[in-house]
Amino acid sequence: MKLILRKDLKPFQERAASSLAAMIQEYPSTRFRPRYDPDTGTLLPFLCRLRAITGAGKTPILALAAHHLKTGVILWTTNRGAVISQTLTNLRAGGKYSQLVPEGTQVFQIG
């Protein structure tokens with residue numbers, strides 16, 4: 001398996017990762033209106049959706065966005081079971097995209 005490094009990414013993947021990270025860092029703002037829990041008044045986390053055609057590189061985009069952020073929790077979801085195990089393997093230490101996420105990143109599967 002070949003490790004994918006940042007220099008291997010396409011310019012559109014770099015731009016998408018940077019844009020995602022910028023949106024998250026900007027929240028809350030006038031552009032990304034804050035949302036609050038109606039019971040507690042606590043600020044809710046930023047939610048967004050990354051949509052792209054199959055093979056566009058959503059996983060490396062997500063990994064690089066995490067690298068831009070340095071800290072936080074990213075909840076990645078899919079309705080395709082086979083993609084889950086593949087993504088876990090690719091993002092974890094030694095995986096195909098492991099060099100794109102911040103050092104020490106922990107990747108979990110939740111049921």
Side-chain angles (χ1 to χ4, degrees):
M1 165 187 29
K2 179 186 178 228
L3 288 178
I4 303 298
L5 305 175
R6 193 169 181 170
K7 67 180 181 63
D8 299 320
L9 298 181
K10 307 268 189 277
F12 80 88
Q13 293 169 316
E14 282 270 359
R15 286 191 306 274
S18 293
S19 293
L20 277 172
M23 287 187 295
I24 293 165
Q25 291 168 331
E26 185 181 330
Y27 177 79
S29 66
T30 54
R31 184 173 163 207
F32 301 108
R33 199 180 67 205
R35 297 176 46 242
Y36 298 93
D37 182 296
D39 297 323
T40 65
T42 305
L43 179 67
L44 294 172
F46 182 80
L47 298 174
C48 67
R49 176 189 248 173
L50 172 61
R51 294 179 66 187
I53 62 170
T54 301
K58 291 179 286 289
T59 303
I61 290 169
L62 172 69
L64 188 56
H67 189 81
H68 286 304
L69 295 172
K70 305 280 189 250
T71 185
V73 174
I74 296 174
L75 179 62
W76 175 87
T77 64
T78 183
N79 59 359
R80 300 172 124 188
V83 175
I84 295 170
S85 60
Q86 176 184 340
T87 301
L88 282 169
T89 300
N90 287 336
L91 289 174
R92 285 185 172 156
K96 186 177 180 178
Y97 303 125
S98 61
Q99 297 298 305
L100 298 176
V101 296
E103 187 176 324
T105 295
Q106 296 178 342
V107 180
F108 301 98
Q109 179 176 346
I110 56 177

Are side-chain heavy atoms of [X] and [Y] found at a separation under 4.5 Å?
{"X": "Leu64", "Y": "Gln13", "answer": "no"}
{"X": "Leu91", "Y": "Thr105", "answer": "no"}
{"X": "Arg6", "Y": "Gln99", "answer": "no"}
{"X": "Trp76", "Y": "Val83", "answer": "yes"}
{"X": "Ile110", "Y": "Leu75", "answer": "yes"}

[X], [Y]: one ILVMFWY side-chain cluster at the under-4.5 Å cut-off?
{"X": "Leu5", "Y": "Leu62", "result": "no"}
{"X": "Leu20", "Y": "Phe12", "result": "no"}
{"X": "Tyr97", "Y": "Ile74", "result": "yes"}

Mind listing the closest non-hydrogen atom pair of [X] and [Y] along with its distance?
{"X": "Ser98", "Y": "Arg92", "answer": "CB-O, 3.2 Å"}
{"X": "Leu3", "Y": "Gly95", "answer": "CD2-O, 2.9 Å"}
{"X": "Pro102", "Y": "Ala66", "answer": "CG-O, 3.3 Å"}
{"X": "Pro34", "Y": "Pro28", "answer": "CB-CB, 3.5 Å"}
{"X": "Lys96", "Y": "Lys2", "answer": "CG-O, 3.5 Å"}
{"X": "Ala63", "Y": "Val101", "answer": "CB-CG1, 3.5 Å"}

How long is the straight-line distance from [atom2] of [Y] back to [atom1] of [X], given to the nearest 0.5 Å?
{"X": "Arg49", "Y": "Thr77", "atom1": "CZ", "atom2": "OG1", "result": "8.0 Å"}
{"X": "Met23", "Y": "Leu47", "atom1": "CE", "atom2": "CG", "result": "11.5 Å"}
{"X": "Phe46", "Y": "Gln25", "atom1": "CZ", "atom2": "CD", "result": "11.0 Å"}

Partners meeting salt bridge (charged side-chain N to carboxylate O under 4.0 Å, His left out) with Arg35 (sequence neighbours left out):
none
If we check side-chain contact (heavy atoms from CB on, under 4.5 Å) with Pro60, which of these qualifies: Asp8, Asn90, Leu9?
Leu9
I'd like to know whether Tyr27 forms a side-chain contact (heavy atoms from CB on, under 4.5 Å) with Leu43, so could you lay out the CA-CA distance, the side-chain angles of the two residues, the decisive distance to 0.1 Å, and finally the verdict.
CA-CA 10 Å; Tyr27 177 79; Leu43 179 67; 3.5 Å; yes
Donor-acceptor contact below 3.5 Å, side chain Lys58 vs main chain Leu50:
no
Ser29: which of Glu26, Arg31, Arg33 passes side chain to side chain donor-acceptor pair (under 3.5 Å)
Glu26
